[in-house]
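Side chains included, hydrogens not; waters and symmetry mates left out as well; all remaining heavy atoms used.
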Amino acid sequence: MTNRVLARISRPRGKEVRLTLGEYKGQISLRLQAYHFGKGGQMRPSKQGFTIPLDSVDDLIDGLTKARRLIHGQPAPDASSAPVQRKQSV
C-alpha cells in the first residue's frame with residue numbers, strides 16, 4: 001500500500017499538517033505529520049507527528065465529533081466542560 005494523503009491543513013509560514021493513510025512494517029495506520037519547507041524549497045516532514053493505529057480510529061472520530069459539537073456550542077455526550085470560545089476573526 002502506498003501512503004495516501006487524506007487531508008492537508010495549512011499552517012502559518014507555509015507549513016502544513018498532513019493526514020495520511022499508509023502502511024509501515026505490515027501495519028496499516030493513520031499518520032498526522034507536520035511538514036515544512038526544506039533546502040531546495042521542497043516540503044519535508046518534520047519530527048512532529050504521530051501514528052494512530054486503525055483500532056483507535058473510531059475513538060479519535062468520537063473525540064473529534066465531541067470537539068466539533070462543543071466548538072459550535074452544542075452539548076456533547078460525556079462532555080463535562082463548557083463550549084469552547086472561538087477566536088474572533090479580524
Under 4.5 Å between any side-chain heavy atoms of Y35 and R44, yes or no?
no

What pairs of residues pass the side chain to side chain donor-acceptor pair (under 3.5 Å) test when at least one of them lies in residues 11-31, not counting sequence neighbours?
R8-E16, E16-R18, R31-Q33, R31-T51

Are L21 and I9 linked, directly or through intermediate hydrophobic residues, by side-chain heavy-atom contacts shorter than 4.5 Å (ILVMFWY only)?
yes

What about L19 and L60, same hydrophobic cluster or not, with Ile/Leu/Val/Met/Phe/Trp/Tyr joined at side-chain heavy-atom distances under 4.5 Å?
yes

Donor-acceptor list for residues 52-59 side chains, cut-off 3.5 Å, not counting sequence neighbours:
none

Residue list, side chain to side chain donor-acceptor pair (under 3.5 Å) with S46, at least two apart or on another chain:
none

Please tell me whether V17 and L6 are part of a single hydrophobic cluster in this structure, the criterion being side-chain heavy atoms less than 4.5 Å apart.
yes

